[in-house]
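Before any comments, here is the structure.
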Number of protein chains: 2
Amino acid sequence: MPQIKRSQPLYEQLMWRIKTQIASGVLEIGEKLPSVREMALIEGLNPNTVAKAYKALEAQNVIETVTGKGTFVRENEGIVDDKLLSQLHLQMTEVVIEAKRAAIDAEQLHKWIEELYGEIS
Amino acid sequence: MPQIKRSQPLYEQLMWRIKTQIASGVLEIGEKLPSVREMALIEGLNPNTVAKAYKALEAQNVIETVTGKGTFVRENEGIVDDKLLSQLHLQMTEVVIEAKRAAIDAEQLHKWIEELYGEIS
DNA sequence: CAAGTGTACTGTGTATTATAGTACACGTAG
DNA sequence: CTACGTGTACTATAATACACAGTACACTTG
């Protein structure tokens, strides 16, 4: 009922946090995530909001949920999805246009990518 | 009053379209943009929605508005803003994490950047 | 003055987000 | 079997953002 000014939806922020933890190895494949009620206490959210994040992550094949047991980190299948590919290219286009405006050269972007590919798994 | 399923707000889509046109040289520095009412007819939007986009673009120093005259493309100042920098890095992190999941290697991302830096201005 | 410009309002309607609370079906440990 | 924890599915309420409609005002220019 509070509802403060919010940039990104809470459930998307949680999705992002979980994805990052999986990518960085904090969460391993097959590992069990906290239950929706448990995660709600940890993150200070409503169980419904956590459930929404879990459901969206399952739709993206990031996690697997088994009713009665829990939710688990799914193995990365590495499927080449044309829709995701074009979406990533579009997002990269936005980054480059903004970078140009801020006088950030291509080298900086290349450096970031190398760093990120090193950090992640 | 219709309100169909929408992924991104219309005014943000318009902002993006204008930014792209500026970056690609379709709109040149100092050039006058269509008026809010004119652009509303062109894009099939409400003048208020166009005004919202114009106002947001001016807040980002992309365009300059003069009451009674019109809105014009502003010169790129190329300021290094720490907030924008970290925001771009965050956005790049998202791209890399998603790319890893889709089994897209770093070479593809490097290639995209080179292409985009070539296309733009 | 007249026309065109951005801007600032007040409404209206809708979708999304987030919470609260309840209930149900399932799996597992006691 | 019972009890507990699990995800899930509801209903309801509230706050926010989005988009449109309409009106009005201050400004610049011809």
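To find a chain, count down the sequence lines: A is the first, B the second, and so on, and within it residues start at 1.
Residue Tyr54(A) contributes atom OH, which lies 16 Å from atom P of dA9(D) at whole-angstrom precision. Distance Gln13(A) CD to dT16(C) P: 19 Å, rounded to the nearest Å. For the pair Met39(B) CE and dG4(C) P, the interatomic distance rounds to 18 Å; values are reported in whole Å. Distance Leu41(A) CG to dT6(D) P: 11 Å, rounded to the nearest Å. Atoms CG (Leu57(B)) and P (dG6(C)) sit 13 Å apart, rounded to a whole Å. One atom, CG of Leu33(A), and another, P of dT8(D), lie 12 Å apart when rounded to the nearest Å. Put simply, CD on Glu38(B) is 14 Å from C1' on dA3(C), counting in whole angstrom units. Between the C1' atom of dA17(D) and the CD atom of Gln8(A) lies a distance of 15 Å, rounded to the nearest Å.
Comparing atom distances between the Glu12(B) side chain and each of dT5(C), dC18(D), dT8(D) picks out dC18(D) as nearest. Side-chain atoms of Lys32(B) lie closest to dT5(C) of the nucleotides dT5(C), dT19(C), dC20(D). The side chain of Tyr11(A) lies closest to dT17(C) when the candidates are dG6(C), dA19(D), dT17(C). Among the nucleotides dT6(D), dC20(D), dT5(C), the one closest to any side-chain atom of Leu10(B) is dC20(D). Closest approach to the Thr49(A) side chain among dT5(C), dC18(D), dT19(C) is made by dT19(C) (side chain taken as heavy atoms from C-beta onward).
Note on Thr65(B): a side-chain N or O is less than 4.0 Å away from OP1 or OP2 of dT7(C). Between Ser35(B) and the phosphate of dG4(C), there is no side-chain N or O to OP1/OP2 separation shorter than 4.0 Å. One finds a side-chain N or O of Lys52(B) lying less than 4.0 angstrom from the OP1 or OP2 phosphate oxygen of dC18(D). Residue Asn46(B) has a polar side-chain atom (N or O) positioned under 4.0 Å from OP1 or OP2 of dA21(D).
Annotation for Lys100(A) and Asn76(B): closest pair O-ND2, 3.7 Å, computed over non-hydrogen atoms.
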### Task
Sugar-phosphate atoms are those with a prime plus P, OP1 and OP2; base atoms are the rest. Using that split, label each nucleotide of nucleotides 23-30 of chain D B, S or - for protein heavy atoms under 4.0 Å, 5' to 3'.
-B--BBS-
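In this structure a side-chain-to-backbone donor-acceptor pair under 3.5 Å is missing from Gln21(A) to Ile18(A). No donor-acceptor distance shorter than 3.5 angstrom exists from the side chain of Glu64(A) to the backbone of Thr71(A), with no hydrogens or angles considered.
Within the 4.5 Å cutoff, the side chain of Ile104(A) has heavy atoms near those of the Leu85(B) side chain. You'll find the side chain of Tyr54(A) reaches within 4.5 Å of the side chain of Ile63(A), heavy atoms only. Residues Ile29(B) and Arg74(B) fail the side-chain proximity criterion, which asks for heavy atoms closer than 4.5 Å.
Classification of the His110(A)-His110(B) ring pair by plane angle, with boundaries at 30° and 60°, yields tilted.
Using a 4.0 Å heavy-atom cutoff across all strands shown, Glu58(B) reaches sugar-phosphate atoms only and no base atom.
Between Glu98(A) and Lys19(B), at least one side-chain N (NZ, or NE/NH1/NH2) sits under 4.0 Å from a carboxylate O, which counts as a salt bridge.
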